[in-house]
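Here's the structure, in structure tokens; my notes come after.
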Amino acid sequence: MRRIDRDSSADERVIEECIRDSQVIRLALADGDSPYIVPLCFGYEKKDDKRFFYIHKNRHGHLAELIGMNGMCTFELEGSSRLFLDHEKGTCNMDYASIIGHGKIAIVEDEAERERCLVLLMDHYGRGDFDFDRRAMKAILVYKIEVAELTCKATRGWKEAHGCL
């Protein structure tokens, strides 16, 4: 990481706040010689010092094929950002927080666990009380990403704005 002053990889408060503040997880997978990246809604939990993200997707499609070929993924999240201008210096910059990591991705098979993961997903968006249509749930797959490693960067301005200083 080039900007060591922004490294927040060891700051649990910043990491957790960045995850709460993020609306989208970008999932990257190997697609032959090319990367494949897709933005998704997500759920999250931390259990026994391990982090897990949960996503859902249609049972058929390119993403499901790629996950079936290789159970490893890279992901990215970004918290809210704010452009700020320094008119005296003639410069601009961005206050932000972001996370990049990698881990194993696998289908959640157990029906009760799938439902719990979807509740976590809806919880992330403030709608954990949503009543799922059971027929619609049969059409989707739920995936669990077990985080192996992540890094987090955050500017001082972002940390101040999110109560992390």
Item to complete: Describe, in one word, how the ring planes of H124 and F42 are oriented to each other, choosing from parallel (under 30°), tilted (30 to 60°) and perpendicular (over 60°).
Response: tilted

Fill in: Output field: ring centroids F75/H102 closer than 6.0 Å
no

Worksheet item: Between Y44 and L121, is there a donor-acceptor pair closer than 3.5 Å when you use the side chain of the first and the backbone of the second?
Response: no

Discussion item. I want to check a possible cation-pi pair here: K47 against F52, using under 6.0 Å from ring centre and within 45° of the ring axis as the test.
Written reply: yes

Response to the item:
Those residues at least two apart in sequence (or on a different chain) that pass ring-ring contact (aromatic ring centres under 6.0 Å, His included) with H62 are Y36

Fill in: Results of ring-ring contact (aromatic ring centres under 6.0 Å, His included) for Y54 - residues two or more places apart only
none

Discussion item. Let me confirm one number: the CG-CG distance from L150 to L77, rounded to the nearest 0.5 Å.
Written reply: 9.0 Å

Item to complete: Before giving the answer on side chain to side chain contact (heavy atoms under 4.5 Å, CB included), spell out for K104 and K144 the whole-Å C-alpha distance, their side-chain angles and the decisive distance to 0.1 Å.
Response: CA-CA 8 Å; K104 294 179 183 178; K144 173 169 77 173; over 6 Å; no

Response to the item:
The reported gap from CG in L118 to SG in C41 (rounded to nearest 0.5 angstrom) is 11.5 Å

Worksheet item: More than 12 heavy atoms of other residues, nucleotides or ligands under 6.0 Å from CZ of R156: is that the case?
Response: no

Practice prompt. Check whether any side-chain heavy atom of D95 sits under 4.5 Å from a side-chain heavy atom of R82, and report yes or no.
Written response: yes

Worksheet item: Is the closest side-chain heavy-atom distance between V147 and F53 below 4.5 Å?
Response: yes

Worksheet item: Between CG of D21 and OG of S98, what distance do you get to the nearest 0.5 Å?
Response: 11.5 Å

Worksheet entry | Qualifying residues under side-chain contact (heavy atoms from CB on, under 4.5 Å), relative to M69, sequence neighbours excluded | L66

Fill in: Close side-chain approach of H162 to S80, heavy-atom, < 4.5 Å
yes

Practice prompt. Kindly indicate whether the side chain of T151, heavy atoms from C-beta on, has any atom under 4.5 Å from the side chain of I99.
Written response: no

Worksheet item: Are the charged groups of E78 and R26 less than 4.0 angstrom apart, N to O?
Response: yes

Worksheet entry | Beyond-backbone contact of I25 with P39, side-chain heavy atoms, under 4.5 angstrom | no

Discussion item. Between E45 and R116, does any NZ, NE, NH1 or NH2 come within less than 4.0 Å of an OD or OE carboxylate oxygen?
Written reply: yes

Worksheet item: Hey, is NZ on K50 packed in by over 12 heavy atoms from elsewhere, all under 6.0 Å?
Response: no

Item to complete: Decide yes or no for N70 and L29: does some side-chain heavy atom of the first lie under 4.5 Å from some side-chain heavy atom of the second?
Response: no

Practice prompt. I would like to know whether L83 and L85 meet side chain to side chain contact (heavy atoms under 4.5 Å, CB included); could you show each step before the answer?
Written response: CA-CA 7 Å; L83 179 70; L85 308 173; 4.1 Å; yes

Discussion item. Any side-chain to backbone donor/acceptor pair from S8 onto V14? Under 3.5 Å, distance only.
Written reply: no

Practice prompt. Answer yes or no: is there a side-chain heavy-atom contact under 4.5 Å between M94 and F84?
Written response: no

Fill in: Nearest heavy-atom neighbours spanning A97 and A154
CB-CB, 3.9 Å

Worksheet item: After noting the C-alpha distance and the side-chain angles of I105 and I55, does the key distance pass the side chain to side chain contact (heavy atoms under 4.5 Å, CB included) rule?
Response: CA-CA 10 Å; I105 184 167; I55 61 168; 4.1 Å; yes

Discussion item. Could you measure the distance from the CD1 atom of I100 to the CD atom of E76? Nearest 0.5 Å is fine.
Written reply: 6.0 Å

Practice prompt. Treat each ILVMFWY residue as a node, draw an edge where side-chain heavy atoms are under 4.5 Å apart, and state whether M72 and V108 are in one component.
Written response: no

Practice prompt. Look up atom CD in E12 and atom CG in D49, then write down how far apart they are to the nearest 0.5 Å.
Written response: 7.5 Å

Discussion item. Set out, in order, the CA-CA distance, both residues' side-chain angles and the distance that settles side chain to side chain contact (heavy atoms under 4.5 Å, CB included) for C164 and D11, then state yes or no.
Written reply: CA-CA 9 Å; C164 294; D11 191 330; 5.7 Å; no

Worksheet item: Where the side chain of R114 meets the backbone of I140, is there a donor-acceptor pair that is under 3.5 Å apart?
Response: yes

Worksheet item: Distance-only, no hydrogens or angles: does the D110 side chain make a donor-acceptor pair with backbone N or O of A112 under 3.5 Å?
Response: yes

Item to complete: Flag the pair I145 / L27 as yes when at least one side-chain heavy-atom distance between them is below 4.5 Å, and no otherwise.
Response: yes

Discussion item. Assigning hydrophobic clusters by single linkage (Ile, Leu, Val, Met, Phe, Trp, Tyr; side-chain heavy-atom cutoff under 4.5 Å), is V38 placed with L141?
Written reply: yes

Discussion item. Between E149 and R51 (salt bridge meaning N to carboxylate O under 4.0 Å), is one present in this structure?
Written reply: no

Item to complete: Following the transitive rule for hydrophobic clusters with a side-chain heavy-atom cut-off under 4.5 Å over Ile, Leu, Val, Met, Phe, Trp and Tyr, establish whether Y125 and V119 coincide in one cluster.
Response: yes

Worksheet item: Side chain of R59, backbone of A64: donor and acceptor closer than 3.5 Å?
Response: no

Fill in: Interatomic distance, W158 atom CH2 to E17 atom CD [nearest 0.5 angstrom]
5.0 Å

Worksheet item: Would you say D86's side chain and K89's backbone share a donor-acceptor pair under 3.5 angstrom?
Response: yes

